[in-house]
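As structure tokens, the structure follows; a few thoughts come after it.
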Amino acid sequence: MSNTISSVKKEECYGCRSCEQICPKQCISVLPDNEGFLYPSVNEDVCIKCGLCVKHCPIFNKTENTNPIYLGLRLKDDKELSESASGGVFAGFADYILENGGVIFGCAFDENLQARHIKVDNKAELKLIKGSKYVTSDTRETYREVAEILKNYPEKIVFYTGTPCQISGLYSFLGKKPEKLFTADIICHGVPSQKLFNKYIEWLSKKTNDKIIYYGFRDKDVSGWTCGGKTKTKTKTKTKTINGAVDPYYSSFMRGETYRQSCYQCAFADIKKRSGDITMGDFWGIETAHPKFYSSKGVSCCMLNNDKGKFLFEKNRSRFEFIETSADKITRKNGNLLHPTKKPTVRDTIYNGIDDLPVEKFISKLYAPLPKRIVRYMISLIPSELKIVIKRILKL
Ligand SMILES: Cc1cc2nc3c(=O)[nH]c(=O)nc-3n(C[C@H](O)[C@H](O)[C@H](O)COP(=O)(O)OP(=O)(O)OC[C@H]3O[C@@H](n4cnc5c(N)ncnc54)[C@H](O)[C@@H]3O)c2cc1C
């Protein structure tokens, strides 16, 4: 292990900002590269080679093996369930934290659709964190904020949620697992850069001749429990549905073509190596794993990874309908619990031209070849209830 973060290979760095936040000389800046992913840069003139940045980097702080309880669950409250991407695990636990005077950290879009972690301490703002944003969330100074809250308000519960690498980054930054800190990691495919998402929003705005002011990746009111959502523009009142199977940004995300380089060798794409007290994801495949528990309103899979995860669930079990399940059933349709996304060959060139090509030409690179797009579009038109029947017959 070298003495500064400069020695960390680019394809290993998660961009969590722990090194920047811990540096006593504030000589580490975290800046976007030409693809728009954040990486640390050390001002060697100021650096005193204390080694703290490396000591607090999640790459060098391995996650212990866990022995989880596996659940399938969904909120009993239909309104909250409809606002959640899957079965509302997050909202169920978040409500408990707020009711007990705690604070929650999670990913929200700002008014310019920039994804970043924010702190929430009231129910009205909780909806900002709800829902999946399929883009890198900037953790900004939230690790330091967590440390300050835990130090200054020892009675307060803090619930920090995010990708597994962000949770691991937080623990590495803190250097310990404080009693009042609860964490939840999401099952994660990988994350595209904010710069790519900005380019896509620029293209969408141009196409609709209006500024996009809202983007919901998983809005169930238009697409049901699936990968699709909606946009809203500034002046037009009508919302526009986004079909995740064919939309250029969404479908390239689903094909794994646009992720940060570290996502393709993610150490947390492992069912036994979870960084959070809880792991939450979609229970894809529930229709064949537990046909009676299937609901078109959405079902989450949830792993209670340790005693804190179990404690949170015990405090909240009355909010959910749930069943116990197994690792085997959860992983059948959720490959990212077993291995990182395989890097497609197109990944290394997909960001080329992001600064120079006309926006239409650049975005056209994100489309799948036409025949595949047509097939995916046709499949996406099949009503989901019929898809379930077909899957059950074919035992898929
Ligand atoms: C980039 C990404 C990839 C994912 N890949 C998978 C997958 O392969 N398989 C799977 O089963 N599930 C995946 N999920 C998780 C899934 O989409 C839901 O977020 C999860 O099931 C929780 O849903 P919910 O109904 O409990 O709550 P919701 O209210 O929908 O979830 C909100 C939670 O997600 C967090 N969150 C949202 N966007 C981000 C972000 N960009 N970065 C960090 N945290 C974020 C919030 O902080 C909050 O904790 C992914 C999510 C993201 C953001």
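Atoms within a ligand are numbered from 1 in the order they appear, just like the ligands themselves.
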Numbering as shown, the atoms of ligand 1 that approach Arg218 to under 4.0 Å (heavy-atom distance)
17 (O)
What protein heavy atom lies closest to atom 24 (P) of ligand 1? Include the residue and the distance to one decimal.
Ser86 OG, 3.6 Å
May I ask you to identify, for Ile129, whether its side chain, its backbone, both or neither come under 4.0 Å of ligand 1 on a heavy-atom basis?
both
Using non-hydrogen atoms of the residue, decide whether Gly298 is closer than 4.0 angstrom to ligand 1.
no
Can you list the steps and then say if Ile323 with Tyr70 is a side-chain contact (heavy atoms from CB on, under 4.5 Å)?
CA-CA 9 Å; Ile323 41 158; Tyr70 305 97; over 6 Å; no
Give yes if a backbone or side-chain nitrogen or oxygen of Ala91 is under 3.5 Å from a nitrogen or oxygen of ligand 1, and no if not.
no
Ranked by distance from atom 51 (C) of ligand 1, the top protein heavy atom is Ile186 CD1, 3.5 Å
Where is the nearest protein heavy atom to atom 18 (C) of ligand 1: which residue, which atom, and how far?
Ser132 OG, 3.3 Å
The one among Cys263, Gly88, Cys107, Gly131 that brings a heavy atom closest to atom 29 (O) of ligand 1:
Gly131
Of Tyr250, Phe253, Phe109, Trp203, which meets ring pair (Phe, Tyr, Trp, His ring centres under 6.0 Å) against Phe197?
Phe109
Could an N or O of ligand 1 be found under 3.5 Å from any N or O of Thr136, whether backbone or side chain?
no
Please check this pair: side chain of Thr331 against backbone of Asn334, looking for a donor-acceptor N/O pair closer than 3.5 Å.
no
Taking the six-membered ring for Trp and the full ring for Phe, Tyr or His, determine whether the centres of Tyr134 and His189 are under 6.0 Å apart.
no
Counting heavy atoms under 4.0 Å, the part of Val135 that contacts ligand 1 is backbone
Can you tell me the protein heavy atom closest to atom 8 (O) of ligand 1 and the distance?
His189 ND1, 2.6 Å
Regarding Asn306 and Asp277, do their side chains bring together a donor and an acceptor under 3.5 Å, going by distance alone?
yes
Find out whether the Lys NZ or Arg CZ of Lys133 is both under 6.0 angstrom from the six-membered ring centre of Phe217 and within 45° of the ring's axis.
no
Would you say Gln166 touches ligand 1, if touching means a heavy atom closer than 4.0 Å?
yes
More than 12 non-hydrogen atoms from neighbouring residues, nucleotides or ligands closer than 6.0 Å to NZ on Lys315, yes or no?
no
Check whether NZ of the Lys or CZ of the Arg Arg74 lies under 6.0 Å from the centre of the six-membered ring of Phe293 and within 45 degrees of that ring's axis.
yes
Flag yes if more than 12 heavy atoms outside Lys310 fall under 6.0 Å of its NZ atom; otherwise flag no.
yes
Option with minimal heavy-atom separation from atom 33 (C) of ligand 1, where the choices are Lys130, Glu80, Lys133, Met280:
Met280
Look at atom 9 (N) of ligand 1 and say which protein heavy atom is nearest, naming residue and atom and giving the distance to 0.1 Å.
Asn334 OD1, 2.8 Å
Ligand 1 N/O within reach of Phe105 N/O, cut-off under 3.5 Å:
no
Is the side chain of Tyr264 donor-acceptor paired with the backbone N or O of Gly256 at a distance under 3.5 Å, no angle test?
yes
Ser137, any N or O under 3.5 Å of ligand 1 N or O:
no
Measure the distance from atom 44 (N) of ligand 1 to every protein heavy atom, then report the residue, atom name and distance (to 0.1 Å) of the closest one.
Gly162 CA, 3.5 Å
Closest protein heavy atom to atom 14 (N) of ligand 1, given as residue, atom name and distance to 0.1 Å
Ile187 O, 3.0 Å
How about OH on Tyr367, more than 12 heavy atoms from neighbouring residues, nucleotides or ligands closer than 6.0 Å, or not?
yes
Nitrogen or oxygen atoms of Gly106 and ligand 1 under 3.5 Å apart:
no
Donor-acceptor pair, distance only, cut-off 3.5 Å: does the side chain of Ser168 make one with the backbone of Cys165?
no
Where is the nearest protein heavy atom to atom 49 (O) of ligand 1: which residue, which atom, and how far?
Thr161 OG1, 2.8 Å
Flag this pair as yes if the NZ/CZ of Lys76 is under 6.0 angstrom from the six-membered ring centre of Phe320 and inside a 45 degree cone about the axis; otherwise no.
no
Within-cut-off N or O pair, Phe90 and ligand 1, under 3.5 Å:
yes
With nothing but distance in play, are any N or O atoms of Tyr134 less than 3.5 Å from an N or O of ligand 1?
yes
Would Ala85 count as a polar contact of ligand 1, with the cut-off being nitrogen or oxygen pairs under 3.5 Å?
yes
Quick one: list whatever passes ring-ring contact (aromatic ring centres under 6.0 Å, His included) with Tyr14, sequence neighbours left out.
Phe268
Judging by distance only, is a nitrogen or oxygen of Asp282 under 3.5 angstrom from one on ligand 1?
yes
